[in-house]
Enquirer: 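Please see the structure below; I have some questions.
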There are 2 protein chains.
Amino acid sequence: MRLTTKGRFAVTAMIDLALRQSEGPVTLAGISERQGISLSYLEQLFGKLRRHELVCSVRGPGGGYTLARATDLISVADVIIAVDEPLDATQCGGKEDCRDEGRCMTHDLWSNLNKRMFEYLASVSLASLVEQQRERLACKPHQEIVFREARDCVSVASFEAQA
Amino acid sequence: MRLTTKGRFAVTAMIDLALRQSEGPVTLAGISERQGISLSYLEQLFGKLRRHELVCSVRGPGGGYTLARATDLISVADVIIAVDEPLDATQCGGKEDCRDEGRCMTHDLWSNLNKRMFEYLASVSLASLVEQQRERLACKPHQEIVFREARDCVSVASFEAQA
DNA sequence: GCATACTTGACAAAAATGATCGGGTATTTC
DNA sequence: GAAATACCCGATCATTTTTGTCAAGTATGC
């Protein structure tokens, strides 16, 4: 599993979608404006999300995207896997036991790490994130949910290492 | 924390170094040949590792690199942090509580993930990896420790997602 | 000492990826 | 038909990853 900003964008967009789909399909243009992600990029991401059957699309006026499953059946891991396409075959995947010692010396380490991360991300559902988000909104009831300049924070180029 | 091939290369190289430093400084040329990582790239990585005081350099003939600390005092997290320099300031770092809800909607998620990954990687020392590696070598006692074509496996471009 | 070979160290170029921009087409609602 | 929307594609810019080139330092043989 790979952790980059791409997955972060995708998750952010999915949360936005989850928060609004009760009012019908959500347009990418809306997500783009609210979250400060370029429309083209969202199109690419949602193309992948759709092909992985995490979202459904509705064309025409009033159209947009909706989630394909309930929020508690979509995990963060699902989203990240969908947009990050992990170039399957090219590596000595979990199956082959990497004879030729030096090769894949770090195999066990990485597959353990992978596993841990995956387990963690798979344990976090969109539902729980949405709930978190709702709680925050509840604290500041009348603030409008339009934040154009969210970019500085959301679009940052890399994860931060922290102790 | 960011997970890319860069960190993977660095860890692989550090294990190679740990396995051989008993015979004196280890050259990057050697690591390059054995692990299939380009010399220039290793030079960059080891520049960072040196500046983070994880390795020491010895110039001139017979020179090379040695570890700056005992293998059980160097964690995988140390190595990855060293080569990945997390562009500190640009983001809304852990301190600021990201008011303006939509902004950093996923803040908690990512910082939790970060924390988990970091804890895991910090718990894995170079010593434990070396020991693992030694055990494997022990099973195939007479095989020469020269594996030119390790690239196919080690150089793959991304982590694999796996359940 | 001095040349020479071995090694790190630093800078620049190339390749790959991430992200944006602009155009177009298909589909649906009105 | 007109407008709103997804969908697709190629071009472009920025960033990151990877490789290439050249310099600087240092031990060794003479």
Side-chain angles (χ1 to χ4, degrees), chain A residues 2-10 12-13 17 20-21 23-33 35-51 54-66 68 80 83-87 90 151 154-159, chain B residues 2-10 12-13 17 21 24-33 35-52 54-66 68 80 83-87 90-91 151 154-159:
Chain A
R2 214 154 128 250
L3 281 194
T4 68
T5 47
K6 208 170 187 176
R8 213 167 172 170
F9 278 139
T12 303
L17 175 51
R20 296 166 174 278
Q21 68 168 350
E23 307 157 20
V26 180
T27 69
L28 291 190
I31 299 180
S32 167
E33 208 174 299
Q35 304 302 334
I37 307 172
S38 91
L39 181 58
S40 307
Y41 202 31
L42 280 175
E43 283 171 355
Q44 291 177 39
L45 297 180
F46 273 78
K48 291 180 181 177
L49 292 171
R50 182 173 51 86
R51 283 186 285 277
L54 294 177
V55 299
C56 297
S57 65
V58 182
R59 288 182 157 197
Y65 286 93
T66 54
I80 290 183
V83 299
D84 245 334
E85 338 233 6
L87 15 156
T90 27
R151 291 211 73 231
V154 177
S155 76
V156 68
S158 124
F159 292 95
Chain B
R2 213 156 126 247
L3 281 194
T4 68
T5 47
K6 207 171 184 176
R8 211 168 173 170
F9 280 144
T12 304
L17 175 50
Q21 69 168 351
V26 180
T27 69
L28 292 188
I31 298 179
S32 168
E33 207 174 299
Q35 305 301 334
I37 308 171
S38 91
L39 182 57
S40 310
Y41 200 28
L42 280 175
E43 284 169 356
Q44 282 181 38
L45 297 180
F46 273 78
K48 292 180 180 176
L49 293 171
R50 183 173 51 85
R51 284 186 284 277
H52 280 79
L54 294 177
V55 299
C56 297
S57 68
V58 181
R59 288 185 153 195
Y65 285 92
T66 55
I80 290 183
V83 298
D84 246 330
E85 339 232 6
L87 19 154
T90 27
Q91 62 223 23
R151 289 210 78 228
V154 176
S155 77
V156 67
S158 124
F159 293 96

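Quantities reported herein were computed from a predicted structural model and do not represent experimental measurements.
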Enquirer: Over its full length, what angle do the end axes of the helix from dG1(C)-dC30(D) to dC30(C)-dG1(D) make, each axis taken from five pairs and the result rounded to 10 degrees?
Expert: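 Result, rounded to 10 degrees: 0°.
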Enquirer: Which sits closer to the 5' end of DNA chain D, G64(A) or Q44(A), going by the nucleotide each is nearest to?
Expert: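 Nearest-nucleotide comparison on DNA chain D picks G64(A).
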Enquirer: Under 4.0 Å between a side-chain N/O of Y65(B) and OP1 or OP2 of dG9(C), yes or no?
Expert: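 Answer is yes, contact under 4.0 Å.
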Enquirer: Using heavy-atom distances to pick each residue's nearest nucleotide on DNA chain D, tell me which of V26(A) and L42(B) is more 5'.
Expert: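 Going by which nucleotide is closer to the 5' end, it is V26(A).
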Enquirer: Starting at CZ of R2(A) and ending at P of dA16(C), how long is that distance when rounded to a whole Å?
Expert: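 So the two atoms are 15 Å apart, to the nearest Å.
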Enquirer: Apply salt bridge (charged side-chain N to carboxylate O under 4.0 Å, His left out) to K6(A) and list each qualifying residue two or more places apart in sequence or on a separate chain.
Expert: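 For K6(A), no residue satisfies salt bridge (charged side-chain N to carboxylate O under 4.0 Å, His left out) once neighbours in sequence are set aside.
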Enquirer: Side chain of F9(A) only, please: which of dT16(D), dA19(C), dT18(D) is the nearest?
Expert: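 Looking only at heavy atoms from C-beta outward on F9(A), the closest nucleotide is dA19(C).
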Enquirer: Give the rounded distance in Å between these two atoms: CZ of R8(A) and P of dA19(C).
Expert: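 That distance rounds to 11 Å.
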Enquirer: G47(A) near the nucleic acid: base, sugar-phosphate alone, or nothing, with a heavy-atom cut-off under 4.0 Å?
Expert: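 Since no nucleic acid heavy atom lies under 4.0 Å of G47(A), the category is nothing.
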Enquirer: Side-chain N or O of S57(A) versus OP1/OP2 of dC7(D): is the shortest distance under 4.0 Å?
Expert: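 For dC7(D), OP1 or OP2 has a side-chain N or O of S57(A) closer than 4.0 Å.
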Enquirer: Collect all protein-nucleotide pairs involving nucleotides 27-30 of chain D in which both atoms are nitrogen or oxygen and the distance is under 3.5 Å.
Expert:
none

Enquirer: Quick check: do L17(A) and F46(A) have side-chain heavy atoms less than 4.5 Å from each other?
Expert: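 With C-beta onward as the side chain, the pair touches.
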Enquirer: Do side-chain atoms of S32(A) reach the backbone of I37(A) as a donor and acceptor pair under 3.5 angstrom?
Expert: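 Yes.
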Enquirer: Provide, to the nearest angstrom, the distance between the CG atom belonging to D84(A) and the P atom belonging to dT17(C).
Expert: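 Computing the D84(A):CG to dT17(C):P distance gives 12 Å.
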Enquirer: Nearest-Å distance, OH (Y41(A)) to C1' (dT15(D))?
Expert: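 Distance check: Y41(A) OH to dT15(D) C1' gives 12 Å.
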Enquirer: Return the value, rounded to whole Å, for the distance between atom NZ of K6(B) and atom P of dT15(D).
Expert: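 The distance from NZ of K6(B) to P of dT15(D) comes to 15 Å, rounded to the nearest Å.
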Enquirer: Quick check: closest heavy atoms across P25(B) and V58(B), and the distance to 0.1 Å?
Expert: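 Nearest heavy atoms, P25(B) then V58(B): CG-CG2, 4.2 Å.
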Enquirer: Just grab all the salt bridge (charged side-chain N to carboxylate O under 4.0 Å, His left out) pairs involving residues 38-48 of chain A, residues at least two apart or on different chains.
Expert: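 Of all non-adjacent pairs touching residues 38-48 of chain A, those that pass salt bridge (charged side-chain N to carboxylate O under 4.0 Å, His left out) are K48(A)-E85(A).
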Enquirer: Under the side chain to side chain contact (heavy atoms under 4.5 Å, CB included) test, which residues partner T27(A), sequence neighbours left out?
Expert: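 Scan of T27(A) (side chain to side chain contact (heavy atoms under 4.5 Å, CB included), adjacent residues dropped) gives A29(A).
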Enquirer: Think R50(A) has a side-chain N or O under 4.0 angstrom from the OP1 or OP2 of dC8(D)?
Expert: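 Affirmative; the distance criterion is met.
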Enquirer: Respond yes when some side-chain nitrogen or oxygen of T5(B) is under 4.0 Å from OP1 or OP2 of dT17(D), and no when none is.
Expert: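 Answer is no, no contact under 4.0 Å.
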Enquirer: Side-chain donor or acceptor of E43(B) under 3.5 Å from a matching atom on the base of dT18(D)?
Expert: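 Donor-acceptor pair under 3.5 Å: no.
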Enquirer: Could you pick out which residue, S38(A) or G62(A), lies toward the 5' side of DNA chain C when each is mapped onto its nearest nucleotide?
Expert: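 Going by which nucleotide is closer to the 5' end, it is S38(A).
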Enquirer: From dG18(C), dT8(C), dT5(D), pick the nucleotide closest to the side chain of T27(A)?
Expert: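 Of the candidates, dT5(D) comes closest.
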Enquirer: Side-chain contact, heavy-atom cut-off 4.5 Å: V26(B) with I31(B)?
Expert: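 They are in contact (side-chain heavy atoms under 4.5 Å apart), so the answer is yes.
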Enquirer: Using a 4.5 Å cut-off on heavy atoms from C-beta on, say whether the side chain of Y65(A) contacts that of L49(A).
Expert: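 The answer is no; the side chains never approach within 4.5 Å.
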Enquirer: Could you tell me whether the phosphate oxygens of dC7(D), OP1 or OP2, come under 4.0 Å of any side-chain nitrogen or oxygen in R51(A)?
Expert: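 No.
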Enquirer: Provide, to the nearest angstrom, the distance between the CD1 atom belonging to I31(A) and the C1' atom belonging to dT5(D).
Expert: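 In whole Å, dT5(D) C1' and I31(A) CD1 are 13 Å from each other.
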Enquirer: Could you check whether any side-chain heavy atom of L3(A) comes within less than 4.5 Å of a side-chain heavy atom of I80(A), counting everything from C-beta outward?
Expert: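 In contact.
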Enquirer: Quick one: side chain to side chain contact (heavy atoms under 4.5 Å, CB included) partners of S38(A), sequence neighbours excluded?
Expert: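 S40(A), Y41(A).
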Enquirer: Could you tell me which non-hydrogen atom of L42(A) sits nearest to which non-hydrogen atom of L28(A), and how far apart they are?
Expert: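 Smallest heavy-atom distance, with atoms named: CD1-O, 3.6 Å.
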Enquirer: Whole Å only: how far is the CG atom of L39(B) from the P atom of dT8(C)?
Expert: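 To the nearest whole Å, that distance equals 8 Å.
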Enquirer: Starting at CG of L45(A) and ending at P of dC7(D), how long is that distance when rounded to a whole Å?
Expert: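 Rounding to the nearest Å, CG of L45(A) and P of dC7(D) are 13 Å apart.
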Enquirer: For S40(A) and L28(B), find the nucleotide of DNA chain C closest to each by heavy atoms; which residue's nucleotide sits nearer the 5' end?
Expert: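 In this pair, the answer is L28(B).
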